[in-house]
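Input: a single structure, listed below in structure tokens.
From a predicted model like this one, the values you see are computed outputs, not experimental measurements. Starting from 1, each residue takes its place in the sequence as its number.
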Amino acid sequence: MSIRCSRRAIIQGVGAAAAASMVPAALATSERRFEPRVGAWRTFEVTIEVTVADPQGTTRLWLPLPDVDTGYQRSLGNEWTGNATTVRQVTDPARATRMLYAEFPPTVQQPTIRLASRLQTRDRSVDWQRPGRVREDRIVLRDCLAPTEWIPTDGIVRETALAATRGATDDLAATRAIYRWVISNAHREPKVRGCGTGDVRTMLETGNLGGKCADLNAVFVGLCRAAGIPARDVYGLRLARSVFGYRELGADPAKLTGAQHCRAEVFLRQYGWVAMDPADVLKVMRQETKEWIHDPAHPLIAPVNEGLFGAWEGNWLAYNTAHDVLLPGSVGKLPLPFLMYPQGENQSGRFDELSPDAFRYSIHGRELSA
């Protein structure tokens with residue numbers, strides 16, 4: 001196995017002025033921070049609009065719905081309009097993940113649907129000073145330790161997890177060791193299409209640990225599961241700009257078509273489900289400035305590196321936590337690694353969800369209250 005294990009900070013020796021030039025203006029003062037705190041709810045409306053220009057027989061569409069109701073998100077309902085003859089809420093048979101299904105017969109010349117979802121979100125953080133025994137359904141924990149098609153827990157995944165957590169005395173220490181291992185060994189690769197696929201075994205076997213959020217957080221989740229720590233990916237969509245000034249940690253509400261983002265959670269015995277996002281740490285390191293910052297202790301990176309171990313900002317919605325998703329009613333019956341993009345098919349086959357201009361869909365949002 002070839003793993004990238006050493007990185008040298010590119011800022012060393014260039015002086016304070018050069019280092020400061022790499023910091024965005026909004027973060028160039030003592031205001032450089034990333035401190036999500038549980039507080040007020042924010043209300044958003046997110047709209048997905050799909051128009052199929054070349055229907056070719058029966059057209060079927062599946063649109064993700066916000067399917068997570070927790071202490072950081074509340075769903076307020078969904079409304080749709082369009083010319084489909086069949087529209088209903090369906091669920092993946094194995095994961096019970098909700099989605100909107102729309103079907104259009106060949107007589108509909110331009111299948112169109114508009115889905116508006118309303119929800120509330122807020123920042124999320126764990127209080128490390130208040131541990132206590134937390135209970136969770138054993139079936140949920142069992143499922144969050146199980147391997148998936150793209151995230152195995154044996155072979156090189158388990159070997160890597162055991163090596164990364166050697167010496168850890170509890171689940172918190174082991175999780176922190178895995179988080180640091182991912183940030184030290186993996187990297188954001190902007191050329192990867194979409195959010196990646198999360199093929200953990202291939203990444204580890206090839207030693208190519210470059211990817212995007214669905215790759216990088218899948219590695220984190222897979223290593224946690226292999227180490228005996230329940231973990232899951234949470235697939236969703238960025239909704240608004242970051243209030244902390246980090247460009248890469250937010251999105252323009254007017255254009256969310258490419259704003260999909262996967263986060264992660266781990267279940268710690270004394271804290272319950274805890275927010276994690278090493279992928280966003282690596283994104284800020286690679287893309288927040290013109291230069292690639294390799295040092296997680298850099299003053300621009302450190303607040304994010306520390307904050308995303310246990311916290312999220314509430315400018316993001318969670319669709320679901322499902323892996324290996326089957327689309328009910330699909331002719332192809334091909335499982336998806338995850339569901340956070342619109343999906344569609346007709347007699348010519350499955351549409352390319354990563355080509356919204358060809359698939360002809362758009363996503364936009366608006367905040368209804370601050």
Please lay out, stage by stage, how Arg201 and Asp154 fare under the test salt bridge (charged side-chain N to carboxylate O under 4.0 Å, His left out). CA-CA 9 Å; Arg201 189 190 301 278; Asp154 60 355; 3.1 Å; yes
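- With salt bridges taken as basic N to acidic carboxylate O contacts below 4.0 Å, none links Arg95 and Asp67.
- No donor-acceptor contact under 3.5 angstrom links the side chains of Gln73 and Thr121, judged on distance only.
- Contact record, Val331 with Glu345: N-OE2, 2.8 Å, taken as the closest heavy-atom pair.
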Report, one line per pair, each donor and acceptor closer than 3.5 Å where one atom sits in a side chain of residues 104-114; sequence neighbours left out.
| residue | atom | partner | partner atom | Å |
| --- | --- | --- | --- | --- |
| Thr112 | OG1 | Gln110 | O | 3.0 |

Side chain to side chain contact (heavy atoms under 4.5 Å, CB included) for Thr165 and Thr175? Distances and angles first, verdict last. CA-CA 8 Å; Thr165 59; Thr175 301; over 6 Å; no
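- A pairwise comparison of heavy atoms in Trp292 and Met285 identifies CD1-O, 3.4 Å as the closest pair.
- Between Arg188 and Glu248 there is no salt bridge, since no side-chain nitrogen of the basic residue lies less than 4.0 Å from a carboxylate oxygen of the acidic one.
- Using a cut-off of 4.0 Å between Lys/Arg side-chain N and Asp/Glu carboxylate O, Arg37 and Asp123 are scored as not salt-bridged.
- The shortest non-hydrogen separation linking Leu237 to Leu256 is CD1-O, 3.5 Å.
- Taking the centre and axis of the six-membered ring of Trp273, the NZ or CZ atom of Arg232 falls inside the cone set by 45° and 6.0 Å.
- Phe338 and Tyr341 have tilted rings, their planes meeting at an angle from 30° to 60° on a 0 to 90° scale.
- If you look at Phe359 and Tyr361, their ring centroids are closer than 6.0 Å.
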Set out, in order, the CA-CA distance, both residues' side-chain angles and the distance that settles side chain to side chain contact (heavy atoms under 4.5 Å, CB included) for Asp127 and Gln129, then state yes or no. CA-CA 5 Å; Asp127 186 347; Gln129 304 306 311; 3.3 Å; yes
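- In terms of heavy atoms, Leu317 sits closest to Pro66 at CD1-CG, 4.5 Å.
- The backbone N or O of Gln287 lies less than 3.5 Å from a partner atom in the side chain of Arg247, making a donor-acceptor pair.
- Note: Tyr179 and Phe220 have perpendicular aromatic rings, judged against thresholds of 30 and 60 degrees for the angle between ring planes.
- The two residues Thr97 and Ala322 make their nearest non-hydrogen contact at OG1-CB, 3.0 Å.
- Residues Lys212 and Gly196 come closest through the heavy atom pair CB-N, 4.4 Å.
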Report the C-alpha separation of Thr148 and Arg225 in whole Å, then their side-chain angles, then the decisive distance to 0.1 Å, and conclude whether the side chain to side chain contact (heavy atoms under 4.5 Å, CB included) test is met. CA-CA 11 Å; Thr148 74; Arg225 291 187 178 191; 3.8 Å; yes
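- Side chain to side chain, Asn346 and Thr59 fail the donor-acceptor criterion of an N or O pair below 3.5 Å.
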Checking Asn305 against Phe34 for the side chain to side chain contact (heavy atoms under 4.5 Å, CB included) test, could you report, in this order, the C-alpha distance in whole Å, the side-chain angles of both residues, the deciding distance, and whether it holds? CA-CA 9 Å; Asn305 184 32; Phe34 184 80; over 6 Å; no
